[in-house]
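All ligand and atom numbering here is 1-based and tracks the order in the structure.
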Amino acid sequence: MNKLRIGLPSKGRLAEQAEELFKQAGLSFRRQPRSLFALVGELPIEVTFLRTEDIPVLCAEGAIDMGVTGSDLVAESGSDLVTRMSLGVGKCRLAVCVPEDSHIRAPAELSGCRVATSFPRVTAQYLRRHVSQVHLVPLSGSVEIMVALGVAEAIVDLVETGSTLAANQLRVLDEIGRYETVLIQNRQPRDPEMADRVARRLEGIVIARSYSLLEYNIPRNKLSEAERVTPGFNSPTVSALEDPAWCAVRAMVRRSEVMQVMEQLEEVGASAILEIPISNCRL
Ligand code: AMP
């Protein structure tokens, strides 16, 4: 059987994040300097290091079976691919931006403008819905300086914190879409069972990273109220305590909500509330 081929970003923050995620999921590989390939120990998987923007098309064409890339790049490639899951990192939005002091207040007013972007396909689709005439300036990077260079009146670019926009005196006119890092797969992977195994392993880590386990004790007569606060991933686990008036509860809680949930549990009457990190899971 042919080895499953997975494409990972060759450099940058996403390359580090993907390598760490694969390591945690038991899909470690040793990358030699300057080599474009690596083998995963113990499983028949070959990793290829590629430019993040080439991963969607190379996956659709079958050069790789799976890949880690941005959903923005998947949309821009227009390739027919399966998105198996979000990997919980790289969240950003694609936005149309104009100078802070621009008179433009709505997308329809972009008519006749020059719009610089490294997302010409997604931008053209968006602009067709709003304006009849626009001139696209396709670029591979540094889009944020194109208004200052006099190349465009507006740009379409990725925004994460907004600090790049602020530094270039630009403001968001409209949001085109929200994107994040994803695991993609083509429709006919070399080894479909191995592809499922990889996806399940990564899913275990991605879910574990976004949830904590909360354990607490609660008077039995307050249990249903507490369960409403912590419904768990499926349902909470309730165990008896020696004191029949009390019970212990374990439930998965989104990490981003843990503080708020602990406070709510205290208000309901819970005690000995513990947050326990989850390093891996199968649900
Ligand atoms: P920020 O200043 O945090 O809004 O980030 C904006 C800059 O970072 C832009 O130049 C974007 O092209 C780039 N950027 C932000 N998020 C991402 C992402 N998820 N993937 C690739 N580039 C991004």
Task: Donor-acceptor contact present, side-chain Arg209 to main-chain Leu87, <3.5 Å - done: no
Open item on the list: Can you work out which protein residues put a heavy atom within less than 4.0 Å of ligand 1?
Closed with: Gly90, Cys92, Asp157, Leu158, Val159, Glu160, Thr161, Gly162, Ser163, Thr164
Task: Polar side-chain atom of Asp65 near backbone of Arg190 as donor-acceptor pair, under 3.5 Å - done: yes
Task: Qualifying ring pair (Phe, Tyr, Trp, His ring centres under 6.0 Å) pairs with a residue from residues 229-280, counting only residues at least two apart or across chains - done: Tyr211-Phe233
Task: Heavy-atom neighbours of Arg197 CZ exceed 12 at 6.0 Å - done: no
Open item on the list: Run the ring pair (Phe, Tyr, Trp, His ring centres under 6.0 Å) test against His130 and tell me which residues pass, sequence neighbours left out.
Closed with: Tyr126
- [ ] Could I get the full list of ring pair (Phe, Tyr, Trp, His ring centres under 6.0 Å) partners for Phe37, not counting sequence neighbours?
- [x] none
